Amino acid sequence: QVQLVESGGGLVQPGGSLRLSCAASGFTLDTYAIGWFRQAPGKEREGISCISSSSDDGSTDYADSVKGRFTISRDNAKNMVYLQMNSLKPEDTAVYYCATVFRAPDGITIGTRRIRPGFWGQGTQVTVSS
């Protein structure tokens, strides 16, 4: 069964940090480009970061809203992708999702690339509040 599962969300104070994990089962994650998205209540889903496949160049991109604060990375031995989130703000509160992504000229913009999602995980809640 092909599946993505996010974990690592929770409640954190402003200025704090969290690391989200995206685990794959049923396929090898490093052969796919992976994106992180988030959706806050009443807002559209936002693409915030992506990483190319290891067979590509493993390059990363970030939305302006998280650039300099969030870092996406891979651990191919563990079949995982991570999102390290530092200097969290209340406006980062959202459900966070990982997804396989592919380049598409009419897709969602994340940094310098345009992508479309393939299949999704179930999401993990991140709440930034004092």
Side-chain angles (χ1 to χ4, degrees):
Q1 181 181 3
V2 174
Q3 194 174 12
L4 287 172
V5 178
E6 303 92 336
S7 62
L11 174 64
V12 63
Q13 292 187 339
S17 297
L18 282 174
R19 188 178 78 161
L20 304 184
S21 299
C22 175
S25 60
F27 69 103
T28 302
L29 201 57
D30 70 353
T31 62
Y32 288 83
I34 300 296
W36 281 99
F37 301 78
R38 67 185 181 186
Q39 188 166 21
K43 295 188 176 181
E44 291 188 356
R45 193 169 294 189
E46 174 190 16
I48 57 173
S49 184
C50 56
I51 185 167
S52 297
S53 68
S54 298
S55 59
D56 192 345
D57 60 3
S59 60
T60 60
D61 255 307
Y62 299 92
D64 288 343
S65 57
V66 305
K67 193 177 297 182
R69 300 188 298 124
F70 290 11
T71 302
I72 190 170
S73 63
R74 293 182 177 273
D75 185 334
N76 293 334
K78 295 183 178 180
N79 212 24
M80 301 276 278
V81 170
Y82 302 104
L83 186 69
Q84 177 67 43
M85 306 187 297
N86 299 329
S87 303
L88 283 162
K89 307 174 182 179
E91 52 263 42
D92 294 318
T93 295
V95 179
Y96 284 71
Y97 302 86
C98 64
T100 60
V101 297
F102 56 94
R103 293 183 185 267
D106 59 344
I108 301 166
T109 298
I110 298 181
T112 62
R113 67 186 76 181
R114 304 200 75 170
I115 56 92
R116 283 200 178 274
F119 58 91
W120 300 86
Q122 85 291 346
T124 185
Q125 175 71 46
V126 172
T127 302
V128 185
S129 175
S130 55

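Remember, predicted model here, so these are calculated numbers, not experimental data. This chain uses plain numbering: 1 for the first residue, then up along the sequence.
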- Query: Does a donor on one side chain and an acceptor on the other come within less than 3.5 Å for Thr93 and Thr127?
  - Reply: no

- Task: Check the side chains of Asp30 and Thr28 for a donor-acceptor pair under 3.5 angstrom, ignoring hydrogens and angles.
- Result: no

- Before giving the answer on side chain to side chain contact (heavy atoms under 4.5 Å, CB included), spell out for Tyr96 and Ile48 the whole-Å C-alpha distance, their side-chain angles and the decisive distance to 0.1 Å. CA-CA 10 Å; Tyr96 284 71; Ile48 57 173; 3.6 Å; yes

- Message: If hydrophobic clusters are built by linking Ile, Leu, Val, Met, Phe, Trp and Tyr wherever their side-chain heavy atoms come under 4.5 Å apart, do Trp120 and Ile110 end up in the same one?
- Response: yes

- Indicate, with yes or no, if Val12 and Val66 share a hydrophobic cluster defined by side-chain heavy-atom contacts under 4.5 Å among Ile, Leu, Val, Met, Phe, Trp and Tyr. yes

- Message: Which heavy atom of Ser87 sits nearest to which heavy atom of Ser17, and what is that distance?
- Response: N-OG, 4.4 Å

- Message: Distance check, rounded to the nearest 0.5 Å: Asn79 atom CG versus Thr31 atom OG1?
- Response: 8.5 Å

- Same cluster (ILVMFWY, side-chain, under 4.5 Å), Ile115 and Ile72: no

- Query: Are Thr124 and Ser7 close enough, and set up right, to give a side-chain hydrogen bond (donor to acceptor under 3.5 Å, both in side chains), and what steps lead you there?
  - Reply: CA-CA 6 Å; Thr124 185; Ser7 62; over 6 Å; no

- Side chain Asp61, main chain Thr112, donor-acceptor under 3.5 Å: yes

- Message: If we ignore hydrogens and angles and just use 3.5 Å, is the side chain of Asp75 paired with the main-chain N or O of Ala77 as donor and acceptor?
- Response: yes

- Query: So, do Ser49 and Leu83 sit near enough that their side-chain heavy atoms are less than 4.5 Å apart?
  - Reply: yes

- Message: Any non-hydrogen side-chain atom of Leu4 less than 4.5 Å from a side-chain atom of Tyr97?
- Response: no

- Message: Side-chain heavy atoms nearer than 4.5 Å, only ILVMFWY residues, links allowed to pass through others: does that put Leu20 and Val101 together?
- Response: no

- Message: For Leu29 versus Ala24, what's the shortest heavy-atom pair and its separation?
- Response: CD1-CB, 3.6 Å

- Message: What's the separation between atom CD1 in Ile108 and atom CD in Glu44, rounded to the nearest 0.5 Å?
- Response: 9.5 Å

- Query: Is it true that Lys89 and Asp92 make a salt bridge, defined as a side-chain N closer than 4.0 Å to a carboxylate O?
  - Reply: no

- Do Ser54 and Asn76 get their side chains close enough for a donor-acceptor pair, meaning under 3.5 Å? yes

- Item | Close aromatic pair by centroid cut-off 6.0 Å: Phe70 and Trp36 | no

- Query: Side-chain contact, heavy-atom cut-off 4.5 Å: Val95 with Arg38?
  - Reply: no

- Message: Between Arg116 (side chain only) and Gly107 (backbone N and O only), is there a donor and an acceptor less than 3.5 Å apart?
- Response: no

- Query: Less than 4.5 Å apart, any side-chain heavy atom of Gln122 and any of Val5?
  - Reply: yes

- Message: Please give me the minimum heavy-atom distance between Ser52 and Arg103, naming the atom from each residue.
- Response: OG-NH2, 4.1 Å

- Item | Side-chain (Glu6) to main-chain (Cys98) donor-acceptor, under 3.5 angstrom | yes

- Shortest non-hydrogen contact from Ser129 to Pro14? C-CD, 3.6 Å

- Identify the two heavy atoms, one from Ala99 and one from Pro117, that lie closest to each other, and give their separation to 0.1 Å. CB-CB, 4.2 Å

- Decide side-chain hydrogen bond (donor to acceptor under 3.5 Å, both in side chains) for Glu46 and Ser65; before the verdict, give the C-alpha distance in whole Å, the side-chain angles of both, and the deciding distance to 0.1 Å. CA-CA 10 Å; Glu46 174 190 16; Ser65 57; 2.9 Å; yes

- Without hydrogens or angle criteria, can the side chains of Ser73 and Gln84 be said to hold a donor-acceptor pair below 3.5 Å? no

- Is Ile34 linked to Phe119 within one hydrophobic cluster, defined over Ile, Leu, Val, Met, Phe, Trp and Tyr using a side-chain heavy-atom separation of less than 4.5 Å? yes

- Task: Decide if atom CD of Glu91 counts as having more than 12 heavy atoms of other residues, nucleotides or ligands within a radius under 6.0 Å.
- Result: yes

- Message: Both conditions, 6.0 Å and 45 degrees, for the charged tip of Arg45 above the ring of Phe37: are they met here?
- Response: no

- Are the aromatic ring centres of Phe102 and Tyr32 under 6.0 angstrom apart? no

- Closest non-hydrogen atom pair, Ser53 against Arg74: CA-NH2, 3.4 Å

- Query: Met80 versus Ser21: any side-chain heavy-atom pair under 4.5 Å?
  - Reply: yes

